[in-house]
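In what follows, a single structure is set out as structure tokens and then discussed.
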Amino acid sequence: MIVDARVLREDFVPSEIVHRHDEVNLLSESLEPLLSGHRTDPAFLFGPTGVGKTCLARYTLTQLREQDPAVRVAYVNCWQEYTRFRVLYSLLESIGQTTSIHRSTPKDELFGRLEAAADQPLVAVLDEVDQLEETAVLYDLYRLPHVSLVLIANREEELFASFDDRVRSRFHAGTRVQFDRYGMDELVAILRERATQGLEPNAVTTDQLQTIAEAASGDARVGIGILRSAARRAEQAGTERVTATEIESAIPDARTAIRRKTVEGLLEHQRVLYDVIKEAGEIEPGSLYERYEQRVDEPKTTRTLRNHLTKMVHYDLIKSVGKHRGRRYRLVSDEKDETS
DNA sequence: AATCCACAGGAAAAATAGGAAT
DNA sequence: ATTCCTATTTTTCCTGTGGATT
């Protein structure tokens with residue numbers, strides 16, 4: 001059933017990009033100065049989740065490296081690496097300069113090393129850059145002449161709103177590539193590509209891919225997740241073809257799997273908060289804090305709970321409705337994704 | 001309309017952590 | 001083992017906001 005499982009992973013980068021030729025061209029044009037040894041203006045990739053921003057960045061940069069292997073590429077996900085230290089560390093890591101760096105190395109030391117590695121140009125791809133808490137690091141990187149930036153985020157306005165003035169004025173220049181939601185047939189084509197590479201021939205029909213694409217509503221990540229999950233079920237059952245019921249049951253899988261993963265990654269105290277909210281359905285902050293304190297040996301202050309809560313809102317696990325006095329917390333509703 | 005006050009969230013201080021240097 | 005150093009997390013202190021209450 002499954003021939004090549006890698007193809008169905010969401011971080012898989014296909015050898016050919018479907019339906020995004022204009023975007024590829026825009027990005028590679030903006031990176032062109034690197035081939036003649038110049039730095040580039042920062043490039044921005046904007047668009048909702050699952051429209052291929054990350055995938056396209058990876059693809060374009062591997063192509064660039066084929067033309068000029070001297071260019072180094074570092075890929076940083078700012079969701080996990082959201083401090084200045086971690087971003088710099090992560091960049092050094094990918095150019096192999098991380099030896100003898102430890103917890104007590106000052107940030108300036110990290111910056112200095114990056115500065116010293118000017119012999120080869122470096123393209124730093126900062127994914128989910130709107131999650132970055134210390135945007136000052138962007139200014140740092142901007143000052144390095146051998147570092148070129150590719151910034152990936154959902155929306156331009158929100159990204160720039162989080163910048164401080166220094167950063168904002170520097171980043172006004174640069175190429176912007178806007179990604180739109182995939183249309184139904186585009187998504188089907190993408191899924192078809194994955195199916196022919198990853199599954200046995202005729203494992204899924206185009207009609208079935210259509211169903212998946214509809215359920216994914218333009219989000220390729222979700223679509224591929226559904227396909228993967230359905231294929232796994234089919235393999236478990238030992239059949240040669242995916243059945244309609246396998247697809248039906250794979251649809252909720254894809255969404256809950258993502259959530260379960262993030263819930264597992266929560267800290268213990270955050271988990272308690274999550275559980276309390278889950279049990280209550282909807283709860284006002286006051287009694288949320290109360291119940292939390294009853295459940296935990298050494299409760300944290302309400303201030304840090306508030307920090308945890310805003311983080312969990314970021315993770316899209318919970319939602320806060322209302323402001324100030326009348327605020328309530330609840331789990332983010334499963335069903336529909338409202339357009340953000 | 002005026003006043004509470006429950007809450008959010010910023011800033012800065014303080015506690016914690018953990019590797020390095022001695 | 002002890003001290004030092006810095007990133008990170010938690011607490012303390014605080015201000016502003018807008019819904020609730022009178």
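So you know, we letter chains A, B, ... as the sequences are listed, proteins then strands, and number each from 1.
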Using five pairs at each end of the helix from dA1(B)-dT22(C) to dT22(B)-dA1(C) to define an axis, what is the angle between those two axes, to 10°?
20°
Mind checking whether Asp253(A) and Ile226(A) have side chains closer than 4.5 Å, heavy atoms only?
no
Donor-acceptor contacts, no H, no angles, side chain residues 85-95 of chain A, under 3.5 Å, sequence neighbours left out:
| unit_1 | atom_1 | unit_2 | atom_2 | d |
| --- | --- | --- | --- | --- |
| Arg86(A) | NH1 | Gln80(A) | O | 3.3 |
| Tyr89(A) | OH | Thr98(A) | OG1 | 3.0 |
| Ser94(A) | OG | Ser90(A) | O | 3.3 |
| Ser94(A) | OG | Leu91(A) | O | 2.9 |

Which residues pass the ring pair (Phe, Tyr, Trp, His ring centres under 6.0 Å) test with Phe46(A), sequence neighbours left out?
Phe44(A)
Keeping the roles fixed (side chain from Arg65(A), backbone from Val71(A)), state whether a donor-acceptor pair exists under 3.5 Å.
yes
Listed by chain and number, what are the ring pair (Phe, Tyr, Trp, His ring centres under 6.0 Å) partners of Tyr142(A), not counting sequence neighbours?
Phe171(A)
Indicate every side-chain donor-acceptor pair of residues 195-203 of chain A with a distance under 3.5 Å to a residue at least two apart or in another chain.
| unit_1 | atom_1 | unit_2 | atom_2 | d |
| --- | --- | --- | --- | --- |
| Thr196(A) | OG1 | Arg192(A) | O | 3.0 |
| Thr196(A) | OG1 | Glu193(A) | O | 2.9 |
| Gln197(A) | NE2 | Glu193(A) | OE2 | 3.2 |
| Glu200(A) | OE2 | Met1(A) | N | 2.8 |

ILVMFWY clustering at 4.5 Å (side-chain atoms), partners of Val3(A):
none
If you take any heavy atom closer than 4.0 Å to DNA chain B, which residues from residues 303-314 of chain A end up in contact?
Arg303(A), Arg306(A), Thr310(A)
Quick one: list whatever passes salt bridge (charged side-chain N to carboxylate O under 4.0 Å, His left out) with Asp127(A), sequence neighbours left out.
none
What pairs of residues pass the salt bridge (Lys or Arg N to Asp or Glu O under 4.0 Å) test when at least one of them lies in residues 16-34 of chain A, not counting sequence neighbours?
Arg20(A)-Glu23(A)
Using a 4.0 Å cut-off to any heavy atom of chain A, which nucleotides of DNA chain B are the first and last in contact, reading 5' to 3'?
dC5(B) to dA20(B)
Closest to the 5' end of DNA chain C, once Thr105(A) and Thr302(A) are matched to their nearest nucleotides, is Thr105(A)
Within the supplied structure, the quantity of interest is the number of heavy atoms (other residues, nucleotides, ligands) at a distance under 6.0 Å from Gln236(A) CD; does it exceed 12?
no
If you group Ile, Leu, Val, Met, Phe, Trp and Tyr whenever their side-chain heavy atoms sit less than 4.5 Å apart, what else falls in with Val272(A)?
Trp79(A), Val263(A), Leu266(A), Leu273(A), Tyr274(A), Val276(A), Ile277(A), Ile283(A), Leu288(A), Tyr289(A), Tyr292(A), Val296(A), Leu305(A), Leu309(A), Met312(A), Val313(A), Tyr315(A), Leu317(A), Ile318(A), Tyr329(A), Leu331(A)
Before giving the answer on side-chain hydrogen bond (donor to acceptor under 3.5 Å, both in side chains), spell out for Glu290(A) and Ser287(A) the whole-Å C-alpha distance, their side-chain angles and the decisive distance to 0.1 Å.
CA-CA 5 Å; Glu290(A) 250 175 60; Ser287(A) 46; over 6 Å; no
At a heavy-atom distance below 4.0 Å, which nucleotide of DNA chain C is the first touched by chain A, and which is the last?
dC5(C) to dA20(C)
